[in-house]
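Because the structure is a prediction, the values reported are computed rather than measured. For the numbers below, each heavy atom of this structure counts, side chains included, while hydrogens, waters and symmetry mates do not. Per chain, numbering begins at 1; letters A, B, ... match sequence-line order.
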2 protein chains.
Amino acid sequence: MKKEADVFFEFLVGKGLKFTSQRKIILNIFLNTEDHLSVDDLFVLSRREDETIGYATVHRTLKLIKESGLAREVDFGEKRKRFEHLFGHKHHDHLICTKCGDAIEVFDPKIEKLQEKLAQKYGFKPSFHRMEIFGLCKKCGKREPHPV
Amino acid sequence: MKKEADVFFEFLVGKGLKFTSQRKIILNIFLNTEDHLSVDDLFVLSRREDETIGYATVHRTLKLIKESGLAREVDFGEKRKRFEHLFGHKHHDHLICTKCGDAIEVFDPKIEKLQEKLAQKYGFKPSFHRMEIFGLCKKCGKREPHPV
DNA sequence: GTAAAACATGATATTGATTTTCAATTTCAT
DNA sequence: ATGAAATTGAAAATCAATATCATGTTTTAC
């Protein structure tokens, strides 16, 4: 069992909640998937492992995982929310391909610095931020060199 | 009538659509409000001017305005979408106060440059981006100097 | 060990925003 | 004025997110 599971366990204990078999399955699948999953995605994956898991449980568990600090919500401009787990990932932003939907994780310390400065300039106390660049990824950019 | 209305008119004509009285009212109110409006906000405002305008019409018109390039969708982490008009506004990003909901428009050319570079580094062709910094605005930061 | 209390679960219902449908109306080129 | 095409507002449908609820599990108190 990963140390992430311990973090989640401690979080649950702290709230008087239980680390049930369903929550274990859902957490593990979520942590082992290097992808940006919607509740529905995770529900489908979880069902493969346990035929009886319900959608509501996945939804609730993902919410708890997020509260525990192990995940954050991301928005790629779709209707549905997605989640990404944060273990083994430093803070990062995204390049999102509008063609294939692929999301590349990126980080630029200079940008981060400037964001801090920018906030300061307005007397603003930043707690978190979000930056997404939309466009065509390398592959899709090659495939579509001549926009119609 | 503003030149923005001309842009919208041309857009409509290009699609074989009509610049009706409802669309005029909705467009004008939208352009004259320096705020980030939801469909519902705009619906309420429009009703003040014309008691008979329907929600669906506001929704559809806002969609058209967006398609015409006069507006873009913004997401301040709420449930509902908001829209901001782009005329008289250069490209900008936002500082969003998580306490009072206020959104400050900001722009930093250095960040923009670095975003371009960052994309390049990954062979990514950016078409647009989004950057939001969440935290406490000047006022709210002062009011709450000691987090509990 | 047993009963009560607390928590969890899965199915279903509800919510709230968004989007579509549809019959009636308006627009506009002729 | 006429007819084809577009528009409208009300209502219904959609869809993800969330809440409810009856039933199961644990845990705890005795």
Atom-to-atom span, [atom1] of [X] to [atom2] of [N] - whole angstrom:
X     : N      : atom1 : atom2 : value
B/E78 : C/dG16 : CD    : C1'   : 14 Å
A/D50 : C/dA8  : CG    : P     : 17 Å
A/K18 : C/dT9  : NZ    : P     : 10 Å
B/F9  : C/dT27 : CZ    : P     : 14 Å
A/F43 : D/dT18 : CZ    : P     : 17 Å
B/L64 : C/dT18 : CG    : P     : 16 Å
B/L42 : D/dG9  : CG    : C1'   : 16 Å
A/L17 : D/dT28 : CG    : P     : 13 Å

Hey, which sits more toward the 5' end of DNA chain C by its nearest nucleotide, B/S21 or B/K79? B/K79
More 5' along DNA chain C: B/R82 or B/R60, using each one's nearest nucleotide?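 Its nearest nucleotide being more 5', the pick is B/R82.
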Does anything in residues 51-58 of chain B come within less than 4.0 Å of DNA chain D? Heavy atoms only, and list the residues if so.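 When residues 51-58 of chain B is checked for heavy atoms under 4.0 Å from DNA chain D, the hits, listed by number, are B/T52, B/I53, B/G54, B/A56, B/T57.
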Measure across A/V7 and A/F87 and return the closest heavy-atom pair with its distance rounded to 0.1 Å. CG2-CZ, 3.9 Å
Looking at A/E34 and A/L31, what are the two nearest heavy atoms and their distance? OE2-O, 4.1 Å
In terms of the nearest nucleotide of DNA chain D, which residue is placed more toward the 5' end: B/T20 or A/R80? B/T20
Are B/H89 and B/R72 close enough, and set up right, to give a side-chain contact (heavy atoms from CB on, under 4.5 Å), and what steps lead you there? CA-CA 11 Å; B/H89 295 263; B/R72 70 166 175 162; over 6 Å; no
Classify the nucleic acid contact of B/R23 as base, sugar-phosphate or nothing, counting any heavy atom under 4.0 Å across all strands shown.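 It contacts sugar-phosphate atoms only.
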Under 3.5 Å, is there a donor-acceptor pair between the side chain of A/H36 and the main chain of A/R82?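 No: the side chain of A/H36 does not pair with the backbone of A/R82.
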For B/Y122, does the six-membered ring have the charged nitrogen or CZ of A/K138 within the cation-pi criterion, i.e. under 6.0 angstrom from the centroid and within 45° of the normal?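 Checked: cation-pi criterion not met.
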Against A/H94, only a single residue in A/F134, A/F76, A/F107 fulfils ring pair (Phe, Tyr, Trp, His ring centres under 6.0 Å); can you say which?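 Of A/F134, A/F76, A/F107, ring pair (Phe, Tyr, Trp, His ring centres under 6.0 Å) with A/H94 is met by A/F76 alone.
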N or O in side chain of B/Q22 less than 4.0 angstrom from C/dT26 OP1/OP2: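 Indeed not, no polar side-chain atom of B/Q22 lies that close.
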Looking at B/K81, I'd like to know whether one of its side-chain N or O atoms comes within less than 4.0 Å of OP1 or OP2 on C/dT19. yes
Where the side chain of A/H59 is defined as all heavy atoms beyond and including C-beta, which of D/dA16, D/dA17, D/dT8 is the nearest nucleotide? D/dA17
A quick test of your reading: do over 12 heavy atoms of other residues, nucleotides or ligands sit less than 6.0 Å from CZ of B/F9?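 12 or below, so no.
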